[in-house]
Amino acid sequence: MSVRLTVAQAALRFLEVQQVERDGERHPFFTACWGIFGHGNVAGVGQALLERARSGEPGVLKYRQGRNEQAMVHAAVGYARHRDRLAAHVVTSSIGPGATNMVTGAALATINRLPVLLLPGDTFATRTAEPVLQQLESDSQGDISVNDAFRPVSAYFDRVHRPEQLPAALLQALRVLTDPARTGAVTLALPQDVQAEAHDWPEELFAPRVWPVPRPVPEPSALKRATDVLKSARKPLLIAGGGVIYSRAEAALRAFAEATGVPVAETQAGKGALPYDHPLSVGAVGATGTTAANQLAAEADLIIGVGTRYSDFTTASRTAFAFPGVRFVNLNVSGFDTAKLSAVSLVADAREGLLALSATVGEWTADAAWSGRATELAGEWDAVVGRAYAHESAPLLSQSAVIGAVNELSAPHDVMVCAAGSMPGDLHKLWRTRDRKGYHVEYGYSCMGYEIAGGLGVKLAALEEAADGRGPERDVYVLVGDGSYLMMSSELVTAVAEGVKLIVVLVQNHGFASIGALSESVGGQRFGTSYRYRSGLSGELDGERLPVDLAANAASLGADVIAVADRAGLHEALRAAQKSTRTTVIHVETDPLQPGPDSGSWWDVPVAEVSALESTRSAREVYERGRARQRTHLEAP
Ligand SMILES: Cc1ncc(C[n+]2csc(CCOP(=O)(O)OP(=O)(O)O)c2C)c(N)n1
Ligand SMILES: [Mg+2]
């Protein structure tokens, strides 16, 4: 039997019935389709969404309307991350700018290894009426379109020129999206004429299909090698990355740490793998790390990286692991990551790998003094955090005090969402995470503009898990800087339209506190990092402050807004926002020159080697001292 449908109708019918299964739990993989329509998708995917919505059938993908294509991808990514990659959203766009607006989102998804299915419209397959509005023409290549820009940023890319190609493309899309070692943005470019074209599809295409999400176990000889290295170590440090959380390996991690006394440090994506007050939790590691984790990282004779990609922030640009004979064991579902830093490779699911290691190490433990020192150093850092939370500054609050107020007034299950600016670093060091899903900072791409849209996706996932009884009620707190807010606050409107509650804390410091401080440290004198009028005197952007009123802006988008000036006002606003059922934006002005506590770590940002400016020359000297500490970690394991 065959079913006659358009390509777009068939694609949606297929996507609706895809399921995933892990640990015996089975559920639909796709739960919604975001879309902004134009001539490249309105009559294809748009028509199909309408027809499915009106069908009255169960399991139809819910249409969600975004305000910006990039933001829709951010929302989808936030959703997939909160769902531990076991569920995802589809995003449809028109051709041309609608499509290329999604390229940044695709890169963000792929770099963070988070699944999202992108369906950009594409130019006519028939080419009869070309160039269609928004078509890129080339005088040297006849078959390109702007969608080729998705290729390097997609975990899988295909362009469906003919209906017959669709089933194979869909199967490959699902293979990649549901594979924890490969997942990321999957892009299926759909020419606008092909979307609307009818075809007779085999009925089996629309039968429910289950994609098992594998938990690969370690290969025995690899497990033996890793165990031997571990047993020969005295001062090991485990670095928990996002893979620990996606694998739901927290209990296995805790059991491993408690049985062996191995201290646990966390990357941005791995923060929350252990609660902050666990005796073996030493918090953030690397360039935005705690003094506790970084001290241990510098002395450790073995680093056990679990589910981490070892970004330059995690390794402090390869200066964090200073012990001369330091070795690495990398446990990761992806062999691409286990090969890093000349490690002993243990390709496996994080949970399965930790359980296996726990079994093979037997009675072995780390030096008791080492484990005890970890607890002591973590306690010292926690006192630093306490002081940062209580930090008094006038007339404006410090950012640390704002973070402290949100942490202390939020509930353990609530989620902190952030992405770019000075807050991710401060949050990594200072946020006291009490729940495995309580910390959601997008730091693979650290994309300004992710915050509100990503938070919306997180809240959609949290609402679903609470409704299904799979998770607790969670408030979602979005911390967003004024720079990020100006770049992309559009999804506040979507949150209002959908009746989805966010608590947005908008930190106004009139420009880029992060890049301002970075600029100063590289001898750049904060050039171009604050928002000011062009001065008639200097000709530079160092005139008066701009009369920008972001509180009024947020109110104009339909959010409730509370502007606060001090700690008591912030506390009152947070309590009001918690009680409200609506999205609230709390506008707080902070002092950009009150930095959070420093952990003395280093990040490689090359400074000009020659300069007429004294500030740059002296920064270069400091830079060269940092670079001299960089290690290659090329010793064979
Ligand atoms: C899309 C994008 N453009 C540029 C950057 C580089 N960048 C990182 S932080 C930052 C400034 C962020 O300003 P704001 O949101 O006000 O945060 P603050 O630094 O003041 O904390 C910039 C420009 C980025 N991460 N993302
Ligand atoms: Mg700012």
Side-chain angles (χ1 to χ4, degrees), residues 68-74 77 100-112 153 268 287-288 311-313 388 393 396-403 406 416-431 441-455 477-492 504-522 524 526-532 541 545-546 548-551 553-554 585-598 603-606:
N68 173 305
E69 290 85 359
Q70 182 185 325
M72 295 196 292
V73 186
H74 293 336
V77 165
T100 51
N101 266 357
M102 298 202 293
V103 172
T104 295
L108 183 148
T110 299
I111 284 168
N112 284 288
V153 292
Q268 284 275 11
T288 51
S311 80
D312 65 341
F313 268 79
S393 56
L396 297 176
L397 281 171
S398 68
Q399 189 160 287
S400 305
V402 171
I403 290 172
V406 178
M416 162 55 60
V417 180
C418 191
S422 56
M423 282 183 285
D426 285 353
L427 287 166
H428 196 207
K429 288 185 225 180
L430 300 178
W431 188 256
V441 173
E442 186 283 294
Y443 215 62
Y445 214 39
S446 187
C447 185
M448 289 171 76
Y450 175 84
E451 298 86 347
I452 292 171
Y477 290 84
V478 173
L479 241 65
V480 59
D482 56 312
S484 273
Y485 180 92
L486 278 169
M487 239 183 231
M488 200 182 288
S489 50
S490 48
E491 293 338 280
L492 269 181
V504 179
V505 180
L506 168 46
V507 175
Q508 171 61 282
N509 56 23
H510 303 278
F512 305 163
S514 51
I515 309 300
L518 179 63
S519 165
E520 199 163 305
S521 77
V522 297
R526 295 186 177 254
F527 181 70
T529 61
S530 68
Y531 290 141
R532 288 178 180 266
L541 295 168
R545 276 242 170 107
L546 302 174
V548 172
D549 184 347
L550 297 183
N553 178 283
V585 175
I586 299 171
H587 181 281
V588 55
E589 188 143 347
T590 60
D591 183 346
L593 300 179
Q594 304 271 350
D598 188 17
W603 185 39
D604 189 346
V605 179

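As the structure lists them, so they are numbered: ligands from 1, and atoms in each ligand from 1. All residue numbers in this chain count up from 1 along the given sequence.
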ask   = Given the rule in the side-chain contact (heavy atoms from CB on, under 4.5 Å) test, do D604 and D312 qualify, once you have shown the distances and angles that lead to the verdict?
value = CA-CA 8 Å; D604 189 346; D312 65 341; 5.8 Å; no
Distance to 0.1 Å, residue and atom name: give those for the protein heavy atom nearest to [atom].
atom	result
atom 19 (O) of ligand 1	S514 OG, 2.6 Å
atom 8 (C) of ligand 1	I515 CD1, 3.7 Å
atom 17 (O) of ligand 1	G421 CA, 3.7 Å
atom 14 (P) of ligand 1	G483 N, 3.4 Å
atom 18 (P) of ligand 1	A513 N, 3.5 Å
atom 13 (O) of ligand 1	F512 CD2, 3.3 Å
atom 15 (O) of ligand 1	S484 N, 2.9 Å
atom 26 (N) of ligand 1	M448 N, 3.2 Å

Return yes if some donor-acceptor pair links the side-chain N/O of [X] with the main-chain N/O of [Y] below 3.5 Å, else return no.
X	Y	answer
N112	G444	yes
S530	H510	no
S519	G524	yes
S446	A419	yes

ask   = Which ligand 1 atoms are under 4.0 Å away from a heavy-atom of M487?
value =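 Near M487, meaning under 4.0 Å from one of its heavy atoms, ligand 1 has 1 (C), 3 (N).
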message = Only heavy atoms of S422, strictly under 4.0 Å: list the atoms of ligand 1 that pass.
response =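 Result: 18 (P), 19 (O), 21 (O).
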ask   = From G511, does some N, O or S atom reach closer than 2.8 Å to the Mg ion (ligand 2)?
value =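 Yes, G511 qualifies, because one of its backbone or side-chain N, O or S atoms lies under 2.8 Å.
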ask   = So, Q508 and the Mg ion (ligand 2): N/O/S under 2.8 Å, yes or no?
value =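 No, outside the cut-off.
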inquiry  = Y485 vs I452, test: side-chain contact (heavy atoms from CB on, under 4.5 Å). Steps then yes/no.
reply    = CA-CA 8 Å; Y485 180 92; I452 292 171; 4.0 Å; yes
query = At a 4.0 Å cut-off, with the gap strictly under it, does some heavy atom of G511 reach an atom of ligand 1?
reply =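 Per 4.0 Å heavy-atom rule, G511 contacts ligand 1.
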request  = Give a yes/no on ligand 1: does S446 have at least one heavy atom closer than 4.0 angstrom to it?
outcome  =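 It does; at least one heavy atom falls under 4.0 Å.
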Name, closest N/O/S atom of D482 to the Mg ion (ligand 2) =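 Distance check against the Mg ion (ligand 2) picks out OD1 in D482.
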query = What heavy-atom pair brings T104 and C447 nearest, and what distance separates the two atoms?
reply =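 Heavy atoms of T104 and C447 come nearest at CG2-SG, 3.9 Å.
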key: Distance-only side-chain donor-acceptor flag, E451 / H74, under 3.5 Å   =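 On atom types as modelled, these side chains do not qualify, holding no pair under 3.5 Å.
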key: Side chain, backbone, both or neither: D482 near ligand 1, heavy atoms under 4.0 Å   =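 Both of them.
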Residue that, paired with M102, satisfies side chain to side chain contact (heavy atoms under 4.5 Å, CB included) out of N68, V73, V153 =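 Testing M102 for a side chain to side chain contact (heavy atoms under 4.5 Å, CB included) against N68, V73, V153 leaves exactly one candidate, V73.
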ask   = Quick one: which of V480, L108, V478, V441 gives a side chain to side chain contact (heavy atoms under 4.5 Å, CB included) with Y450?
value =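 Among V480, L108, V478, V441, the one meeting side chain to side chain contact (heavy atoms under 4.5 Å, CB included) with Y450 is L108.
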